[in-house]
Amino acid sequence: MVDGAAKQERFGALERGQSSPAVARYPGLVRLGIACAWLALPISAATAQTVRAPAPAAATVASWAGFYLGAGAGYGATAFNEATYSFDAQFSGTQPRAGQGAFATLLAGYDWQFASRFVLGAMIDVDFGGPEARNDFSGFGVPGPFHFKREGAWSAGVRFGVLMTPDTLVYVPVGFRQARFSWEDAYFSFMSQPIGRSATTQGWFAGLGLETRIGGNWTLRGEYRYAAFGDVCAGSRTFQTTSICQGTQPTFGITRIEDLVEQSFRVAVAYRFPTGAPLDTTGFGATAGLRNWTGFYLGGGVGGGSQHMSNRSYDYLTGSYQTSVDLGGRGVLGTILAGYDHKFAPHWVAGVFADGEWSNIGSRQVQNNGINSSSGSFTRDRAVSAGARLGWLAMPDTLLYVPVGYTQSHYSWDGSFHSFSPVDKKTFDASLGGIFAGFGIETMFADHWSLRGEYRYAWLSGNVCGGSTVVQVTPICKGVNDGVDYVLRTENFREQTVRAVVSYRFN
């Protein structure tokens with residue numbers, strides 16, 4: 001054994017730089033051992049650090065469960081048939097009326113989240129203002145214009161949604177809706193007095209929406225709704241359900257508002273008060289591939305829309321203005337599109353696109369005067385558009401954007417739509433061009449796949465003469481009422497459309 005004094009002497013000699021007998025005998029071997037120990041130090045340290053490091057925590061976001069309050073604005077359109085009957089309840093005919101206008105909205109609700117990806121909620125909202133239809137008979141010396149306007153509405157319903165990403169919800173709302181409308185008697189006949197009337201009617205609504213987080217507990221939603229209401233007697237102050245009701249035009253018979261529907265698009269910001277446990281995002285798949293917004297894409301989808309136009313009459317000889325009546329219709333559409341996007345900053349995306357549509361958005365007039373009957377239709381059957389969009393990434397996989405561009409719509413109609421003649425069944429068509437703008441939300445829900453909801457409003461230029469096969473831009477044009485004391489011209493074409501589109505992105 002080596003005693004303590006000997007050990008102390010050996011460590012002292014090493015500290016003074018003196019070698020032990022073994023070191024002196026094998027100097028090369030000692031140097032090799034020191035070099036190996038030096039090289040092994042980083043590996044040992046990394047191994048120790050790996051063992052000590054805790055496992056990464058699962059990524060979470062706030063739950064969708066809880067109360068919320070919000071406010072927003074929107075734009076909508078009403079469409080209805082002005083139906084007339086004789087006093088013995090014989091049908092006389094219909095004219096397709098339409099209105100459009102903006103509104104403000106307040107909303108509240110509560111959502112439940114279950115099975116990670118699904119959300120079920122109850123909601124209520126109140127709208128202020130709304131679409132307005134106008135008739136003007138000033139050419140006959142009658143003061144006006146006269147209006148049929150939605151003063152306000154409220155809705156209560158439920159919604160069911162699917163989380164496409166942890167931060168973006170696609171949902172379907174359905175429920176009960178009640179609206180209050182006001183008008184003057186003279187809206188339906190310029191020979192009547194401008195007496196103010198109003199009525200409350202109720203019905204149902206359904207739609208499609210997309211809601212996304214934009215920061216903290218704040219969310220932004222875009223929602224399309226279709227609402228259908230009951231019939232309203234033109235002179236009644238209460239909601240009528242009878243097949244015939246007393247109107248305000250005893251000289252001409254009874255007027256009833258039938259097939260009253262609304263289409264609207266609203267954007268609202270909501271603040272949420274989460275009550276559920278945080279949502280684990282690990283079940284939503286990869287994220288890196290979902291965040292590349294640069295590249296080409298192709299897509300297809302479906303939607304709906306409405307048309308709004310003014311049917312104006314002019315004196316046949318002088319061309320002077322006589323009357324104007326707001327007409328319109330509604331329908332569904334299918335669409336295909338292609339485009340290219342470029343992400344040029346951490347939160348900004350710009351792109352170009354083109355799309356085509358096929359639709360049956362239109363209106364129909366019917367007349368039955370007891371001697372003969374006629375019907376005519378006026379339909380937007382297709383359209384093409386090209387434009388650009390600028391978007392802001394509210395979340396890495398959710399884009400809020402504004403599209404603008406040029407659109408061209410093709411309309412077709414038959415002569416009796418304007419003339420009410422049962423023998424005038426010639427078919428005409430015309431293409432009208434103009435500009436559009438809108439708002440959209442797009443989210444990437446899987447690798448290379450995205451879903452967008454988009455609203456557009458289009459202003460079309462050009463006028464259509466009743467009976468003309470080309471677009472007319474002259475102050476007056478020859479119509480189908482040759483030899484009569486007036487000519488009809490359709491002007492001020494406006495279109496509102498909403499669409500849901502699935503796209504495949506080559507990014």
Side-chain angles (χ1 to χ4, degrees), residues 117 161-171 208-214 220-224 265 267 284-305 332-359 382-409 435-458 495 497-507:
R117 284 183 176 267
V162 178
L163 288 169
M164 309 302 287
T165 74
D167 298 304
T168 304
L169 177 72
V170 176
Y171 64 92
L208 179 67
L210 196 154
E211 184 174 4
T212 184
R213 287 191 175 97
I214 56 176
L220 176 73
R221 69 175 65 181
E223 182 179 313
Y224 164 79
F265 182 80
V267 177
F284 285 84
T287 57
L290 305 183
R291 300 182 179 182
N292 183 9
W293 286 87
T294 298
F296 291 95
Y297 60 85
L298 297 172
V302 296
V332 297
L333 64 87
T335 183
I336 57 173
L337 77 159
Y340 180 85
D341 285 331
H342 179 72
K343 183 178 178 182
F344 62 92
H347 289 278
W348 294 96
V349 174
V352 294
F353 62 90
D355 55 55
E357 298 174 22
W358 293 263
S359 69
R382 60 183 183 270
V384 294
S385 303
R389 67 175 185 168
L390 177 66
W392 177 71
L393 288 168
M395 291 291 171
D397 44 23
T398 302
L399 180 71
L400 312 179
Y401 66 92
V402 174
V404 296
Y406 174 83
T407 186
Q408 182 170 290
S409 295
I435 61 173
F436 72 87
F439 175 78
I441 304 176
E442 183 174 6
T443 184
M444 290 193 186
F445 62 89
D447 194 13
H448 298 291
W449 291 96
S450 70
L451 172 69
R452 71 176 67 178
E454 182 179 310
Y455 166 82
R456 292 184 190 177
Y457 187 95
E495 297 174 351
T497 57
V498 64
R499 65 203 66 206
V501 178
V502 175
S503 298
Y504 184 83
R505 308 184 67 90
F506 302 90
N507 43 2

Inset, instruction - Identify, with sequence neighbours excluded, every residue that meets salt bridge (Lys or Arg N to Asp or Glu O under 4.0 Å) alongside Glu357. - result: Arg380, Arg499
Legend entry - Residues Leu333, Thr497; criterion side chain to side chain contact (heavy atoms under 4.5 Å, CB included); working and verdict: CA-CA 9 Å; Leu333 64 87; Thr497 57; 3.9 Å; yes
Legend entry - Whether Thr443 side chain and Phe445 backbone form a donor-acceptor pair below 3.5 Å: no
Inset, instruction - Side-chain contact test, heavy atoms from C-beta onward, threshold under 4.5 Å: evaluate it for Phe344 versus Val349 and give yes or no. - result: no
Legend entry - Check: Trp358 and Val332 side chains under 4.5 Å, non-hydrogen atoms: no
Inset, instruction - Applying side-chain hydrogen bond (donor to acceptor under 3.5 Å, both in side chains), name anything that partners Thr407, two or more places apart in sequence or on another chain. - result: Ser385
Inset, instruction - Indicate yes or no for a side-chain donor-acceptor contact from Asn507 to the backbone of Asn292 under 3.5 Å, with no hydrogens or angles considered. - result: yes
Inset, instruction - Could you tell me which residues satisfy side chain to side chain contact (heavy atoms under 4.5 Å, CB included) with Val302, sequence neighbours excluded, listed by chain and number? - result: none
Legend entry - Residues that Tyr224 engages under ring-ring contact (aromatic ring centres under 6.0 Å, His included), provided they are two or more places apart: none
Legend entry - Contact check, side chains of Val384 and Asp355, non-hydrogen atoms, under 4.5 Å: no
Inset, instruction - Determine whether Tyr171 and Glu223 make a side-chain contact, defined as any pair of heavy atoms from C-beta on separated by less than 4.5 Å. - result: yes
Legend entry - Distance in Å, Met444 CE paired with Ser450 OG, rounded so as to fall on 0.5 Å steps: 6.0 Å
Inset, instruction - Determine yes or no for a side-chain-to-main-chain donor-acceptor pair under 3.5 angstrom, with Ser359 supplying the side chain and Gly334 the backbone. - result: no
Inset, instruction - Kindly give the heavy-atom pair with the smallest separation between Ala383 and Ser409, and that separation in Å. - result: CB-OG, 3.8 Å
Legend entry - Sequence-distant partners of Glu211, salt bridge (Lys or Arg N to Asp or Glu O under 4.0 Å), two or more places apart: Arg159, Arg221, Arg272
Inset, instruction - Supply the atom-to-atom distance Met164 CE to Asp397 CG, rounded to the nearest 0.5 angstrom. - result: 11.0 Å
Inset, instruction - Please report the closest heavy-atom contact between Leu208 and Ala500, naming both atoms and the distance. - result: CD2-CB, 3.7 Å
Inset, instruction - Sequence neighbours left out, what passes ring-ring contact (aromatic ring centres under 6.0 Å, His included) with Tyr504? Give chain and number order. - result: His448, Trp449, Phe506
Inset, instruction - Please identify each residue that fulfils side chain to side chain contact (heavy atoms under 4.5 Å, CB included) with Leu400, with sequence neighbours left out. - result: Thr212, Ile214, Leu220, Trp392, Ala394, Ile441
Legend entry - Contacts of Ile435 that satisfy side chain to side chain contact (heavy atoms under 4.5 Å, CB included) - sequence neighbours left out: Trp459
Legend entry - Donor-acceptor contact present, side-chain Thr335 to main-chain Gly356, <3.5 Å: yes
Legend entry - Check: His342 and Trp348 side chains under 4.5 Å, non-hydrogen atoms: no
Legend entry - Residue pair Phe439 / Arg456, side-chain heavy-atom distance below 4.5 Å: no
Legend entry - For the student: nearest non-hydrogen atoms of Tyr297 and Phe353, plus distance: OH-CB, 3.6 Å
Inset, instruction - Go through the structure and list residues passing side chain to side chain contact (heavy atoms under 4.5 Å, CB included) with Ala338, not counting sequence neighbours. - result: Leu298
Inset, instruction - Report the distance from atom OG1 of Thr398 to atom CG of Asp167, rounding to the nearest 0.5 Å. - result: 6.5 Å
Legend entry - Audit row: Leu451, Val170, side chain to side chain contact (heavy atoms under 4.5 Å, CB included) steps and yes/no: CA-CA 9 Å; Leu451 172 69; Val170 176; 3.5 Å; yes
Legend entry - Atom of Leu337, atom of Gly300 and distance for their closest heavy-atom approach: CD2-N, 3.9 Å
Inset, instruction - Please name the pair of heavy atoms, one in Gly440 and one in Pro403, separated by the smallest distance, quoted to 0.1 Å. - result: N-CD, 4.5 Å
Legend entry - Under the ring-ring contact (aromatic ring centres under 6.0 Å, His included) test, residues paired with Phe436 that sit two or more places apart: none
Legend entry - Stepwise side chain to side chain contact (heavy atoms under 4.5 Å, CB included) test for Leu163 and Thr168: CA-CA 6 Å; Leu163 288 169; Thr168 304; over 6 Å; no
Inset, instruction - Report yes or no: does Arg452 contribute a side-chain atom to a donor-acceptor pair with the main-chain N or O of Leu399 at less than 3.5 Å? - result: no
Legend entry - Nearest heavy atoms of Leu390 and Ala350, plus distance in Å: CD1-CB, 4.3 Å
Legend entry - Contacts of Asp341 that satisfy salt bridge (Lys or Arg N to Asp or Glu O under 4.0 Å) - sequence neighbours left out: Arg389, Arg505
